[in-house]
Structures are given as structure tokens and as C-alpha cells.
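The next block holds one structure in the form of C-alpha cells; read it before the comments.
Every chain is numbered from 1, with letters handed out A, B, ... down the list of sequences. Below, each value reflects all heavy atoms present in this structure, side chains not excepted, and no hydrogens, waters or symmetry copies.
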Amino acid sequence: MKQELTRLIQQALDSLVEQGQLPADIQPQVQIDRTRDKTHGDLASNIALTLAKAAKQAPRDLATLICAALPQADLVVRTEIAGPGFINFFLSDSNNQAVVRRILDEREAFGRNNSGGGQKVQVEFVSANPTGPLHVGHGRGAAVGDSLCRLLAATGWDVSSEFYYNDAGAQINNLALSVQARCRGLGPDDPAWPQDGYRGDYITELAQAYQRGEKIDAEDQHVTACGDTDDVEAIRQFAVAYLRREQDLDLKAFGVHFDVYFLESSLYLSGAVEATVQRLVEQGHTYQHEGAMWLRTTDFGDDKDRVMRKSDGGYTYFLPDVAYHQNKWQRGFQRVINEQGADHHSTVTRVRAGLQALQQDIPQGWPDYVLHQMVTVMRDGEEAKLSKRAGSYHTLRDLIDEVGRDATRYFLVARAPSSQLTFDIDLALSQSNDNPVYYIQYAHARVCSIMRKLGEQGWSWEAQDAMQHLGELGDEHEKALLRRLDRYPEIVANAAANNEPHTIATYLRELAGDFHTWYNASKMLVSEQPVRDARLALSQAVRQVIANGLDLLGVSAPEVM
RNA sequence: GGGGGUAUAGCUCAGCUGGAUAGAGCACCGGCCUUCUAAGCCGACGGUCGCAGGUUCGAAUCCUGCUACUCCCGCCA
């Protein structure tokens, strides 16, 4: 549509140049935008404004000239010059109604595109270490990351979701010691309790399971406890598997799936870390200082150099991070998106710098990062921080159990990741128009309800027949809905291109609003069949788009509420 | 001190990559269920887009400088 109009304007400009009404050396950038206000028509161009100076004419005069020179076209009913010199295009009703046919035709595919062209993309998210249950912050990562995967898949990318974790570092050792202490009947307040041990009640449950000799099957870990309290290594393996399984259950309850679980320890086992060190040394960006080996990350935009090998011979976490991302690159992911909490933002520059130092033609801005800000959980107007089980923070499971999967996912994905999020439990629980999740789902259920009612009335509806009567759609509410539906594919494309799943949530809220308004203003099940057919077609189109959009957010679209 | 993020209605937030009169929801006030689901609708109220400059036909949006809040700044991950 925009292309068509662009072509028309281009032709008009060409003919004006030919007639000498415009200088031959102008370089027009024809831009067509959707209008924000329907009184401005359907589409608008600012071409006269941008060209006014070069053409040495007042914008409105120039707009008049361009309009007069526009070739005839069926889809344009009329044009109008407005404001400082915009050209507004009013498209034909039949053109605007065509979106309904397209939606009912394409169904689940409506809004999808193939801009990814089957290229590989990896989305890494959550990546929680197995030291405890997932908390609300991980939940935000899961909601945003999973929705991103769905968006990318919907736009033609070959998506792989990945969960990276450390199963062998100091934190894990700490975890094993905490479990061992519990096995020995110690509590966090005992003098013999490990320094910085994990204090949550789940450690006790873990210790009991270990002593019972429980068998654990996590997505990527399978361990049977030997029950030996002295065997710290056995405890470590068991604890990792146990907590991974816990997290799996959290993720499953949340409807989030991962294709790959990647262990930090595997980078050591495979020699990847050592190889990365070698490469960095060979490329000459390292130096020794005070017994440690440093990488000159300041050569690549960091504000200070970083230690990569400690004076005790061990590596800092920075190095496996670089090795890990080098591994991603070697796996052929030219696009990688890392979804993380913003408290890790300092690793962004560091990892990119490390990758540049490898000098392996990895693009400078690679990989992409989506960083989400903190989540605060509110209840009764107060911050709800404590979870007894986890010992400190609010767990994702608590939230899902309390407000349900759909509401949890919606609220965690509905805001721009860059803005801090206040999760209002009371709002998420409310079964009223306060609650946007139900507001959107209700619109979907309403359409389903109408269709059920149709049968009860002894009527039927066939898409094919209904398509003949789309001309019946024409009141203001219906036009607003048609406009809104028409935008959906663009919304999806932009959300995927910019890593912004929250825009889908915003859109659905607006679409549902348009629908509810229309529903209250007009009756769908009227006796006059052509009108009824047309309205049901529009309703079905709305239902389809809501279902498609909710799916991108991982939220269900119930038929009955 | 250095860096990231944020600042829009009383509250929670959008704002389609620079467009026309800045939008929703909540809260508050007033209306709408003998008719397809009232988890809904309609109306009213509510703004110096943090402050000051700059860029241009045009700025909430881009640039610079301030201010406030927040996160990070370890040979921890």
C-alpha cells in the first residue's frame, strides 16, 4: 500500500520536474506514514514539507502542485492538503475492508513474515545459576526472552533458545557446603555454618532429598543421590541437578522451553577457555601485572583493563564469558540476543571488547543485549520482598501460584525492559477492567461466545459467503477496528526487529478496547443476514489477531471466561 | 569520581524511530444490564513531556549541559 502510494508520488514529482515546475536536481525521499488521527485520512506524506526549501516554494503550494500531478488510482478516493503541508490520502472502503478477508484467509499466519529468511538466531535468557529457585527478576527475563523467541520465529528466523549456567564455581561450592551443613543438622545461625552459606528453607528440603537417596531427572541433569554426607562432590552434583529440576518446574509452570542448556564447566573441559587465552595472548592484547594476566580491553572501548587470569592461576568469570560467546559465534549465530538483568550491564562492554581482541572478524556491536530493569512486587500498597522458602527474594513460583501463569507473563512482558517494573499483585488478581490480561482475553472469549450463540439461534456463518458482504462495514467503530487490524503485521515486524515484545501487549490492549467499544455499540446477531455476516467476519478477524498476538506473549486465549 | 538506565496526568505506564490538538488504564466524579458474557461501555476531571540551551519547516522523540532517582564500577559470577 505504502509502496503503491510512494510510486504515485514519485510519478507526480517526475512529471513536475519534466514540466519545469520543480528543479531537476531535487532528491526526494518519499515517506508515507499512517495517520494518527482518522480525520487526516488513512495515509499521509510529508513530501511537500521536506522538499519546500529545495523547490523554493511554500509547502502548501507545493503540496497542491503534487496533488494535481498525481496519477489516477482506484485505491485513493481523495487527497487533502492539511496542516503545514501534509498530503493526506483517503483510501477506498473496500481497500480498508480487505484486511478482514486476509486475516480469515491467513489465520495463524496473519502477521507473520519471512524477514529472517531462515537465518539462525540465538536467544540466551534466564541463565540462572542452580543455587536456588527462580525469582521474579528471572521471571521477567523468561517472559521477555521467550516472547522474543516467539517473535523471531514468527518473522522467519531459525531460533534457538539457550540457558547458560555455572555448575562448578565458588557459588556452587558454597551451595554444596550449605547442603552438607543441613545434612549434619546445622542451621544458618550455628557457628559452624559456612560463610555466606545459602539460608533458604529449600536447602533443608534439598538435604533431606539427598539423604533419602532421591533420583533427579532435570532437563539436562540426571543424578541419583548416594546419601554420603562427607562426599562434597556427590552433594554438589546432586544439588545442581536438584535445583535445575526445581527451575525446570518453574519454567514449565511458566510455559517456557529451552532448546539448549549450556554448562560453563564444559568450556573448561573442552579446552575452549585455554584456547581463548592462547588466542588473546597471540593477538598481543594481554600483559602481566602484579602476578595476574590482564586483557587490554581499553583498546576496545572499555574504561579500564580487566584481569583474565588471577595471580593464583584461576580465571575470572570474564574469560569463560568471552570463550562462551566465541563458541556462539563459531556455532554460526550471526545474530545473538542476550536477555539479562541490567545489573549485569557492565559485562556488555567487556564481552564485546574481549571478542574484538580475538580479531576473528566478529562485528563490533555483536552480540545484541536486552537488559531488563529491576522488578518490585507490591501487595496491599507495600513492597512484598520476603519469600520464606527462598530466604530472601520473591520467587517466580510464588507469583504464578498466586496470580496465575497468564497474568504473570503478561505483566512481566508488558513494559519496556528498560523501565523498572512494579508488579502489583492486587491488580493482577483483580477480575475486573483493572486487569489488562483479562480485558484482552475477555474480548477473545466474547467473540467465541457470539459464535456459540449464533448456532443456538439456528443461524450459521460461512466465511466465503460473509466475504461478499464486507461492504456493510462502515460505521466509525468498525472503521477504527479495520485500521487497527491492518497495523498488526507492522507491529509484529517492528517488535521483532527492535527486540521489543512489550509493544505487542500495548497493541492488544488497544485492539481489545476498540472491540469492546464496538461490541457495546452494535449488536452482532442481527436478523439481517448480510449485516450479520459482515459483523461476524470482523469479529472473527479480531478474535484471530488477539489469539495470534497473545500467542506471541505466551498467554492463552480462552474461549470461555 | 566513572559508566548504564530512567524522568510524560495524583498513581502505573504507552507514545509506531522527527510530524498535525501528547495518549491509555487505575484513582476520583456522573451515567448505562427485561436485548449477543457488566471481567464490558459512555461521559467528566486531570499535562510547563525533570530543568536550560541547541539542531529545523516541525522536538516528548535527535545533540550538549545540569538536576533527581536507580543499577554497576572485585584478581566475585
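- An OP1 or OP2 oxygen of B:G15 is reached within less than 4.0 angstrom by a side-chain nitrogen or oxygen of A:H502.
- Side-chain nitrogen and oxygen atoms of A:T422 include at least one within less than 4.0 Å of the OP1 or OP2 phosphate oxygen of B:C13.
- Nucleotide B:G46 forms no Watson-Crick or G-U wobble pair with any nucleotide shown, as no partner meets the under 3.5 Å limit on both distances.
- Across all strands shown, B:A39 forms no Watson-Crick or G-U wobble pair with both key distances under 3.5 Å.
- Ring geometry for A:H289 against A:W294 counts as perpendicular: the plane angle is over 60°, on a 0 to 90° scale with 30° as the lower cut.
- With both pairing distances under 3.5 Å, B:A52 is matched to B:U64 as a Watson-Crick or G-U wobble pair.
- The OG atom of A:S539 lies 13.0 Å from the CD atom of A:Q544; values are rounded to the nearest 0.5 Å.
- On the P atoms, B:G10 is 22 Å away from B:C16, given to the nearest whole Å.
- Across all strands, A:S449 comes closer than 4.0 Å to base atoms (heavy-atom distances).
- With a cut-off of 3.5 Å on both Watson-Crick or G-U wobble distances, the partner of B:G58 is given as none.
- The glycosidic torsion of B:C33 lies within 90° of 0, placing the base in the syn range.
- When heavy atoms are screened at a 4.0 angstrom cut-off, A:A292 is found touching base atoms of the nucleic acid.
- Atom CG of A:L91 sits about 12.0 Å away from atom CG of A:L482, to the nearest 0.5 Å.
- One can place NZ of A:K523 at 21 Å from P of B:C32, the figure rounded to the nearest angstrom.
- With hydrogens and angles ignored, a donor-acceptor pair under 3.5 angstrom links the side chain of A:N88 to the base of B:A20.
- Separation of the P atoms belonging to B:U6 and B:G50 is 12 Å when rounded to the nearest angstrom.
- Across all strands, A:R34 comes closer than 4.0 Å to no nucleic acid atom at all (heavy-atom distances).
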### Message
Could you go through A:Q31 and A:D33, starting from their C-alpha distance and side-chain angles, then the distance that decides it, and tell me whether this counts as side-chain hydrogen bond (donor to acceptor under 3.5 Å, both in side chains)?
### Response
CA-CA 7 Å; A:Q31 186 188 331; A:D33 292 307; 2.9 Å; yes
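- For the pair A:A44 and A:D343, both in contact range of RNA chain B, the more 5′-proximal nearest nucleotide belongs to A:A44.
- Nucleic acid contact class of A:R309 (heavy atoms, under 4.0 Å, all strands): none.
- For the pair A:R509 CZ and B:C41 P, the interatomic distance rounds to 7 Å; values are reported in whole Å.
- If you check B:G2, B:G4, B:C75 against the side chain of A:Q373, the one that comes closest is B:G4.
- Base-pair partner of B:U34: not found among the strands shown (Watson-Crick or G-U wobble, both distances under 3.5 Å).
- You'll find that the side chain of A:K304 is closest to B:C73, out of B:C36, B:C73, B:G5.
- Taking 4.0 angstrom as the limit, A:Y519 places none of its side-chain polar atoms (N or O) nearer than this to OP1 or OP2 of B:C33.
- For the P atoms, the distance linking B:U55 with B:C63 amounts to 15 Å, nearest Å.
- Mapping A:T517 and A:L421 onto RNA chain B by nearest heavy atom places A:L421 closer to the 5' end of the strand.
- Between A:L454 and A:L536, the shortest heavy-atom distance links the atoms CD1-CD1, 3.7 Å.
- Counting atom types as modelled, A:H345 pairs a side-chain N or O with a base atom of B:G3 as donor and acceptor under 3.5 Å.
- Of all nucleotides present, only B:G10 satisfies the Watson-Crick or G-U wobble test against B:C26, with each distance under 3.5 Å.
- When heavy atoms are screened at a 4.0 angstrom cut-off, A:N498 is found touching base atoms of the nucleic acid.
- Below the 3.5 angstrom threshold, one finds a donor paired with an acceptor across the side chain of A:Y317 and the base of B:A77.
- At a threshold of 4.0 angstrom between heavy atoms, the contacts of A:A52 with the nucleic acid are absent.
- At B:G25, none of the side-chain N or O atoms of A:T506 fall inside 4.0 Å of OP1 or OP2 (strictly under the cut-off).
- Under 3.5 Å, the side chain of A:R487 and the base of B:C16 form at least one donor-acceptor pair of N or O atoms.
- Within the 4.5 Å cutoff, no side-chain heavy atoms of A:D368 are placed close to those of A:V336.
- At B:C57, one or more side-chain N or O atoms of A:K53 fall inside 4.0 Å of OP1 or OP2 (strictly under the cut-off).
- Phosphate contact (OP1/OP2 of B:C73, side-chain N/O of A:R350, threshold under 4.0 Å): absent.
- Taking all atoms of both residues into account, the shortest heavy-atom contact from A:I172 to A:R236 is CG2-CG, 3.5 Å.
- Nucleotides B:G18 and B:U56 place their C1' atoms 10 Å apart, quoted to the nearest Å.
- Closest contact between the side chain of A:E290 and the listed nucleotides B:C75, B:C13, B:G5 involves B:C75.
- In the set B:A14, B:A20, B:C16, B:C16 carries the atom at the smallest distance from any side-chain atom of A:N494.
- Using atom C1' as the reference point in both B:G47 and B:C32, the two lie 30 Å apart (nearest Å).
- If you check every strand for non-hydrogen atoms under 4.0 Å, A:E490 touches nothing.
- Looking at heavy-atom distances under 4.0 Å, A:Y369 makes no contact with the nucleic acid at all.
- Using a 4.0 Å heavy-atom cutoff across all strands shown, A:K453 reaches sugar-phosphate atoms only and no base atom.
- In this structure, A:R352 forms no cation-pi arrangement with A:F300, as its terminal cationic atom is not both closer than 6.0 Å to the ring centre and no more than 45° off the ring axis.
- At the heavy-atom level, A:S522 lies under 4.0 Å from base atoms of the strands shown.
- Rounded to whole Å, the separation between the P atoms of B:C42 and B:G25 comes to 8 Å.
- B:G46 and B:C26: their C1' atoms are spaced 13 Å apart (whole Å).
- The residue A:V560 sits close to a base: some heavy atom pair falls under 4.0 Å.
- Within 3.5 Å, no donor on the side chain of A:S346 pairs with an acceptor on the base of B:C73, nor the reverse.
- Residue A:N46 is classed as a base contact, given a heavy-atom separation below 4.0 Å to a base.
- A:H516 comes within 4.0 angstrom of sugar-phosphate atoms only, judged by non-hydrogen atoms across all strands, and of no base.
- Looking at A:Y165, A:F163, A:Y324 one by one, the single match for ring-ring contact (aromatic ring centres under 6.0 Å, His included) with A:F262 turns out to be A:Y324.
- Residue contacts shown for A:R306 are absent, as no nucleic acid heavy atom lies under 4.0 Å away.
- Rounded to a whole angstrom, the distance from the P atom of B:A59 to that of B:U12 is 29 Å.
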